[in-house]
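Throughout, a chain's letter reflects where its sequence line sits, starting with A, and its residues are numbered from 1.
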Number of protein chains: 2
Amino acid sequence: MALRHAILAALSRGRPRTGYDLNASFNDVNDRAWHASPSQVYSELAKMEKLGLIDITERTERGRTSYVINDSGLDELRRWLLHDQPDHGIRDDAALRLLNLWVLDPADADYLLDAEVTFQRQRQFSLRHLLLSWDEEREDPDSPVWRSRRALYTLWLRQTDLMLDWLEELRTMLHDPVSPVPELLTGAIPAKI
Amino acid sequence: MALRHAILAALSRGRPRTGYDLNASFNDVNDRAWHASPSQVYSELAKMEKLGLIDITERTERGRTSYVINDSGLDELRRWLLHDQPDHGIRDDAALRLLNLWVLDPADADYLLDAEVTFQRQRQFSLRHLLLSWDEEREDPDSPVWRSRRALYTLWLRQTDLMLDWLEELRTMLHDPVSPVPELLTGAIPAKI
DNA sequence: CCCGTCATGTAATCTGTTACATGATTGG
DNA sequence: CCAATCATGTAACAGATTACATGACGGG
């Protein structure tokens, strides 16, 4: 149940947030580590409030409800980090597709490659924007919260760069049946670790 | 329902496979694009056979049942690749944790970083092994199937290299409160794309 | 006044996990 | 003979998606 911890993580930044706010970040492909659907977020917030992990700070005459994390929630976040095993189970739809391009004819494979390149370029653009615009919008750019966040954006940006290079090599490989498979960037490969 | 397509993908390599075989690959963290639990695989195989996407080639006196993909299954695989939108929804437990290291005291954060480094190094080692040993074990190393697979291993290996570098930078950042956040490898950042 | 966004939720369904049950075969 | 691995499945539960429903507010 990592959604619970993703919500605690988002609230641990301090300011009260509504289900709507949280959904905005959980649904932005470019600025998130965890995806969730709106209905899931609303029902999980209700559950968490009942369990006493988060508190309601404000409920406007209109439906808008704001939540903050409380001490019990922070304890749970720390417990999760330290005592629950990280889940390295991979479910990578994009990789699964790229692995199967060879069942298509070359024109179709190329079309799918283009689509993936486009997606990665958009992500690259968004991440660059997020990294460049932090100082204008955010509260304290030198707080641990934002330092961590910027570090993660940097990782993601490097990953999109890597992916875009690799996709071009893959395209070459698919076009030319005798070209070598993309080689390693790494130098000598030790026989043992 | 990407599990169905992950199974079709695995069977599309040609040879008959049993639920047990498939589970072995779906549960190996280092050699897979899609994770699934055993019971899920067995029941999905049964469903797919009823739907006529795969055929049973052999059922030994013992329970062992082997499946192959058929034309209808191959069509479905191609339809999925071309006409279903790739799901770029991210659920990255590891990233979520790294983003929240700052809620822990430095010693605990360091401990978690070590654990992640160890995991990535193991993955790096496995991937190197998979890339170096293909020619000894596999049937036709120059078939499109294995070329694609090696290309994907190469991508994953580069990603672990990138991750390990980044984790060390993150460690430095956490230790030293005034050190800069890891910077970009990329050169000039265009204002527009 | 209508449309888009804000804002929350319910119900049905599907997907995925966990715990359990069963039994054959293989190697020490 | 015992333990590990092979091999499959069921049942109960938890997690997640989809479709739908509701209604306020603001801008054109």
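- When rounded to the nearest whole Å, the span between CG of Asn27(A) and P of dA7(C) equals 15 Å.
- For the pair Leu51(A) CG and dA14(D) P, the interatomic distance rounds to 13 Å; values are reported in whole Å.
- Tested against Ile54(A), the residues Leu8(A), Asn70(A), Val68(A) include a single side-chain contact (heavy atoms from CB on, under 4.5 Å) partner, Leu8(A).
- When ring centroids are compared, Phe26(B) and His35(B) stay outside the 6.0 Å threshold.
- Of the candidates dG16(C), dC6(D), dT8(C), dT8(C) carries the atom nearest the Thr18(A) side chain, counting heavy atoms from C-beta on.
- Contact record, Asp93(A) with Pro86(B): OD1-CA, 3.4 Å, taken as the closest heavy-atom pair.
- In this structure, Arg4(A) reaches neither bases nor backbone, as no heavy-atom distance under 4.0 Å exists between it and the strands shown.
- Both cation-pi conditions hold for Arg97(B) and Trp80(A): the charged atom is under 6.0 angstrom from the six-membered ring centre and inside a 45 degree cone around its axis.
- Dashed line: the shortest gap from a side-chain N or O of His35(B) to OP1 or OP2 of dG16(C) is not under 4.0 Å.
- Salt bridge annotation for Asp21(B)-Arg15(B): absent, with no cationic side-chain nitrogen under 4.0 angstrom from a carboxylate oxygen.
- Proximity of Gln40(A) to the phosphate of dT17(D): a side-chain N or O atom is located under 4.0 Å from OP1 or OP2.
- In this structure, CG of Asn23(B) is placed 11 Å from P of dT17(C), rounded to the nearest angstrom.
- Heavy atoms of Ser43(B) sit nowhere under 4.0 angstrom from any nucleic acid atom.
- Two residues, Pro38(A) and Glu44(A), neighbour DNA chain D, and the one matched to the more 5' nucleotide by heavy-atom proximity is Glu44(A).
- Here dC6(C) presents its C1' atom at 17 Å from CZ of Arg59(A), a figure rounded to the nearest Å.
- Between Arg171(B) and Glu116(B) there is no salt bridge, since none of the side-chain N atoms of the basic residue sits less than 4.0 Å from a carboxylate O of the acidic one.
- In this structure, Arg123(B) satisfies the cation-pi test against Trp156(B), with its NZ or CZ atom closer than 6.0 Å to the six-membered ring centre and inside 45 degrees of the ring normal.
- We find that CG of Leu22(A) is positioned 13 Å from C1' of dT8(C), with the value rounded to whole Å.
- Between Arg64(A) atom CZ and dT5(C) atom P the separation is 17 Å, expressed in whole Å.
- Of the candidate nucleotides dT18(C), dA7(C), dA16(D), dA7(C) has the atom lying nearest to any side-chain atom of Tyr42(A).
- When the nearest nucleotides of DNA chain D are assigned to Ala36(A) and Ser66(B) by heavy-atom distance, the more 5′-ward of the two goes with Ser66(B).
- Listed nucleotides dT8(C), dA7(D), dA16(D) differ in distance to Tyr20(B); the shortest reach to its side chain belongs to dA7(D).
- Distance from the side chain of Ser37(A) is smallest for dT18(D) among the nucleotides dT18(D), dG16(C), dA7(D).
- The terminal axes of the helix from dC1(C)-dG28(D) to dG28(C)-dC1(D), fitted over 5 pairs per end, subtend an angle of 30° to the nearest 10°.
- In this model, a side-chain donor or acceptor of Ser39(B) finds a partner on the base of dT18(C) within 3.5 Å.
- Across all strands shown, Arg91(B) has heavy atoms under 4.0 Å from sugar-phosphate atoms exclusively, and none from any base.
- The CD atom of Gln85(A) sits 13 Å away from the P atom of dT18(C) (whole-angstrom rounding).
- The distance from the CG atom of Leu155(B) to the CG atom of Leu99(A) is 11.0 Å, given to the nearest 0.5 Å.
- Taking atom OH on Tyr67(A) and atom P on dT8(C), their separation rounds to 7 Å, with Å as the unit.
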